[in-house]
Amino acid sequence: MADYQDWKEVVFTKKKTGSQKSAASLNDAKRSGDTLAVKKFAAGSNKQKVGGDVRRLDAAEEAEKLPTISRDLRIRIQQARAAKGMTQKELATKINLKATIVQSYENGKAVPSNDVLNKMERALGCKLRGKNVPKKPVQITK
């Protein structure tokens with residue numbers, strides 16, 4: 001037999017850093033007030049997007065009103081959904097969003113997002129915005 005195999009045990013250990021302290025020393029530091037408690041936002045979760053338009057809010061120097069859905073777009077969404085015979089909840093599940101998001105778009109309280117509007121256009125099978133959409137909403141009669 002060839003003697004080309006190494007049968008020695010290999011043990012991997014994690015290096016200990018100097019910042020690890022015992023529980024007793026941490027408790028002593030807490031009692032004396034030497035530590036600063038910091039709450040980490042969304043720590044341990046997989047949330048990438050927290051709010052709808054956080055970047056725009058951070059960049060604003062003063063408090064300003066964010067743009068919301070126009071009245072014409074609200075009515076177009078409602079009419080297209082009604083023409084398909086869908087409820088708000090059915091539309092939301094079809095585009096993989098919560099029903100409250102569809103509700104806020106139809107109420108005009110949402111900050112418009114191109115991603116959400118694209119999903120709605122695909123699910124409803126019609127254009128909700130753009131050049132080919134009439135300025136005034138089309139009345140659907142049954």
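Side chains included, hydrogens not; waters and symmetry mates left out as well; all remaining heavy atoms used.
Atoms OG and CZ, from S104 and R74 in turn, are 11.5 Å apart once rounded to the nearest 0.5 Å. Summarising the geometry, atom CD1 belonging to I77 is positioned 6.5 Å from atom CD belonging to E106; distances are rounded to the nearest 0.5 Å. Residue K94 holds its NZ atom at 7.5 Å from CG of L124, rounded to the nearest 0.5 Å. For the atom pair NZ (K98) and OG1 (T93), the distance works out to 14.5 Å, reported to the nearest 0.5 Å. For the atom pair CG (D115) and CG (L97), the distance works out to 9.5 Å, reported to the nearest 0.5 Å. A distance of 8.0 Å separates CD1 of I101 from CD1 of I95, quoted to the nearest 0.5 Å.
When all heavy atoms are compared, the tightest approach of L91 to R81 is CD2-CD, 4.1 Å. Nearest heavy atom pair, residue G108 against residue T68, reads O-CB, 3.4 Å. Scanning all heavy atoms of the two residues, the minimum distance from V111 to Y105 falls at O-OH, 3.5 Å. The minimum heavy-atom distance linking A80 with C126 is given by the pair CB-SG, 3.6 Å.
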### Task
For the pair L128 and M120, evaluate side chain to side chain contact (heavy atoms under 4.5 Å, CB included) and give the outcome as yes or no after the intermediate values.
CA-CA 8 Å; L128 298 173; M120 283 186 181; 4.0 Å; yes
### Message
Evaluate R129 against E121 for salt bridge (Lys or Arg N to Asp or Glu O under 4.0 Å), listing each step before the verdict.
### Response
CA-CA 9 Å; R129 61 211 156 100; E121 286 176 346; 3.2 Å; yes
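In terms of modelled atom types and a separation under 3.5 Å, the side chain of Q103 and the main chain of Q88 share no donor-acceptor contact.
No salt bridge links E90 with K84; every basic N to acidic carboxylate O contact stays at or beyond 4.0 Å.
Note on I75 and V116: separate hydrophobic clusters, where clusters join Ile, Leu, Val, Met, Phe, Trp and Tyr whose side-chain heavy atoms are under 4.5 Å apart, directly or indirectly.
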